[in-house]
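A quick write-up on the structure given underneath.
Quantities reported herein were computed from a predicted structural model and do not represent experimental measurements. Lettering of chains follows the sequences in order, A, B, ..., and the numbering in each one begins at 1.
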Amino acid sequence: MTEQPPNNLDKKESNDSPYSSLTGSFGHVELQSKEHFYTIKDAEPLLNKMKAMLRESENGARLLDLADENKVKFHFIKSKKLQSATTPSLDIFLAAEPDQTEPYMTQILELGGALREIEQSLMGIKIPPPDADPLERANKAHTKFLDKIAYMCKIGIDLENVYSDEVKKAIKAFGYEDLYNVQVNALGEEKAREIYFKALKEAK
Amino acid sequence: MTWQILDKQKTGFMIEAVKTAGLGNLFVPATTEARMRNLPFYRATNLYRLTNYATLPAFSLFYIGDGENYSYLNGDFDAIKFFNSEKNLILNEETVLPYLDFYLIFVKMDVGEINILGDRDQYHILEEFPEDTDVYYDSDKSAFIIQVPLYFDGSIMTATISVTKDGAVSITDTKMSMQGLHNRVNQDSTTDY
């Protein structure tokens with residue numbers, strides 16, 4: 001179930017027009033009347049479909065159980081870009097298209113990754129604050145990210161029996177094919193780190 | 001066109017201004033960066049990006065606004081239409097192309113993802129428009145008519161697009177780009193058999 005927004009419901013984004021003459025058919029009154037500028041109305045069916053698909057993975061099911069036990073809250077944000085974020089207060093923000101009704105495999109893996117981030121947070125694995133030692137911060141951030149990708153790949157492997165090509169396409173869309181093969185062939189953490197940091201270097 | 005990083009105070013103001021019930025503490029000043037860039041087709045409206053660096057990969061949302069009021073670019077035309085007043089939107093033969101690119105990036109089209117051909121910066125904004133682009137103003141239709149090569153549904157097409165004075169965009173015609181096809185055949189022909 002989609003949770004109620006975490007903070008003050010009365011505090012809405014200001015949509016007041018900066019131009020006094022800007023009224024007409026699309027004036028600020030109409031914009032203010034929109035209930036949720038960010039969130040997708042009736043997102044619960046989409047979330048339920050995503051959870052049901054993720055639960056077909058053993059790793060995904062474990063993470064979903066963990067989310068239930070810890071009362072993790074899910075929020076959808078309207079966006080054209082596939083992405084997710086988690087907060088220390090155990091919120092997961094997932095991006096979805098405004099009128100989306102069916103989940104994409106990329107979103108299932110993204111949800112799995114976000115849940116792993118929540119698990120990391122519960123284990124005390126966090127990115128140090130911006131004023132921390134930069135090397136320590138970078139090291140922890142990359143270790144955390146690599147672990148998240150590893151879990152997304154593990155979930156992909158679980159789901160490949162059911163969704164086959166869809167999973168491969170999603171992994172390709174993320175650009176995680178090499179890291180996926182590390183998981184498939186059990187090549188170990190060192191190999192994964194080698195591939196990850198090589199890709200990072202090439203991206204710079 | 002360059003992006004400008006906002007200082008901590010302005011970033012804090014922006015977070016407060018856009019923080020709604022739906023966002024909770026997704027953006028907190030300590031781990032959020034706000035950037036701004038000018039948009040050549042607006043007099044007093046800029047593009048903003050809020051990024052949460054406490055999550056990996058970083059989580060970003062885009063807004064347009066004037067520094068005090070912001071509209072979240074959620075994929076609906078409404079978010080942009082709000083700023084497309086006659087006094088604010090400057091559409092001419094030079095600015096209509098960047099406007100079209102902006103529109104295609106931030107508004108979800110019914111037909112799916114469409115992108116003008118060309119190199120893009122890290123924020124996916126087009127750096128240079130294709131040479132074989134044609135723009136003119138059709139006074140009968142009160143709209144700019146643009147012919148431009150683009151990617152649509154995995155193919156390279158040439159599209160005819162109409163942009164009205166209030167910024168509404170509609171694709172009136174598409175056809176397979178023979179030039180794009182020709183280039184593809186030439187690239188593939190290097191394979192030895």
Side-chain angles (χ1 to χ4, degrees), chain A residues 4-19 21-28 30-31 34 36-40 73 75-81 83-89 91 93 95-100 113-114 117 126-127 129-131 141-142 144-146 148-149, chain B residues 16-33 43-45 51-63 65-88 104-110 112-113 122 124 166:
Chain A
Q4 285 303 305
N7 279 341
N8 183 0
L9 274 168
D10 297 323
K11 207 172 184 180
K12 289 201 173 205
E13 177 182 351
S14 169
N15 284 315
D16 288 337
S17 167
Y19 317 104
S21 60
L22 187 66
T23 51
S25 62
F26 53 87
H28 69 277
E30 185 189 339
L31 272 176
K34 289 184 186 302
H36 296 286
F37 207 48
Y38 296 94
T39 53
I40 294 173
K73 296 180 281 291
H75 311 275
F76 278 101
I77 291 185
K78 287 182 193 173
S79 174
K80 283 180 73 179
K81 186 183 167 193
Q83 56 181 346
S84 68
T86 60
T87 69
S89 50
D91 292 294
F93 291 86
E97 292 166 359
D99 51 359
Q100 192 182 341
E117 269 197 276
K126 291 173 185 171
I127 299 177
D131 57 355
H142 290 304
K144 206 165 133 34
F145 188 29
L146 188 54
K148 176 182 169 179
I149 296 172
Chain B
E16 279 307 310
V18 304
K19 199 171 175 182
T20 67
L23 283 188
N25 55 359
L26 176 57
F27 294 112
V28 292
T31 53
T32 299
E33 181 201 79
R43 276 183 219 286
T45 304
T51 302
N52 172 358
Y53 281 111
T55 191
L56 273 175
F59 185 95
S60 295
L61 296 181
F62 286 87
Y63 298 81
D66 65 349
E68 288 183 7
N69 303 280
Y70 304 91
S71 191
Y72 170 53
L73 296 169
N74 63 2
D76 292 334
F77 180 45
D78 279 358
I80 291 173
K81 201 164 77 171
F82 178 56
F83 289 91
N84 286 0
S85 70
E86 202 179 324
K87 284 185 178 175
N88 192 37
L104 294 176
I105 293 169
F106 292 111
V107 177
K108 185 178 181 292
M109 304 291 283
D110 290 340
E113 195 68 22
Q122 60 175 313
H124 199 60
D166 64 353

Between B:Phe62 and chain A, which part of the residue has a heavy atom less than 4.5 Å away: side chain, backbone, both or neither?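 For B:Phe62, there is no contact with chain A at all, as no heavy atom is under 4.5 Å.
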Under 4.5 Å from any heavy atom of chain A, what part of B:Val28 do you find: side chain, backbone, both or neither?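 It is neither, since no heavy atom gets under 4.5 Å.
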Heavy-atom pairs under 4.5 Å with chain A are the metric here; pick the option from B:Pro57, B:Ala30, B:Ala58 that has the most.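 Result: the option with the highest number of such pairs is B:Pro57.
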B:Ala54, B:Gly65, B:Ser60: which one forms the most heavy-atom pairs within less than 4.5 Å of chain A?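 Of the options given, most contacts go to B:Ser60.
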At their closest point, which heavy atom of A:Phe93 faces which heavy atom of B:Phe59, and how far apart are they?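 A:Phe93 and B:Phe59 have their closest heavy atoms at O-CE1, 4.4 Å.
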B:Asn74 versus A:Lys78, closest heavy-atom pair with distance: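 Where B:Asn74 meets A:Lys78 most closely, the heavy atoms are O-CB, 3.5 Å.
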Which atoms of A:Thr87 are under 4.5 Å from chain B, going by heavy atoms: the side chain, the backbone, both sets, or neither?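 It is the side chain, since no backbone atom gets that close.
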Working to the nearest 0.5 Å, report the span between [atom1] of [X] and [atom2] of [Y].
X: A:Gln83; Y: B:Thr55; atom1: CD; atom2: OG1; value: 9.5 Å
X: B:Leu26; Y: A:Ile77; atom1: CG; atom2: CD1; value: 5.5 Å
X: A:Leu146; Y: B:Leu56; atom1: CG; atom2: CG; value: 11.0 Å

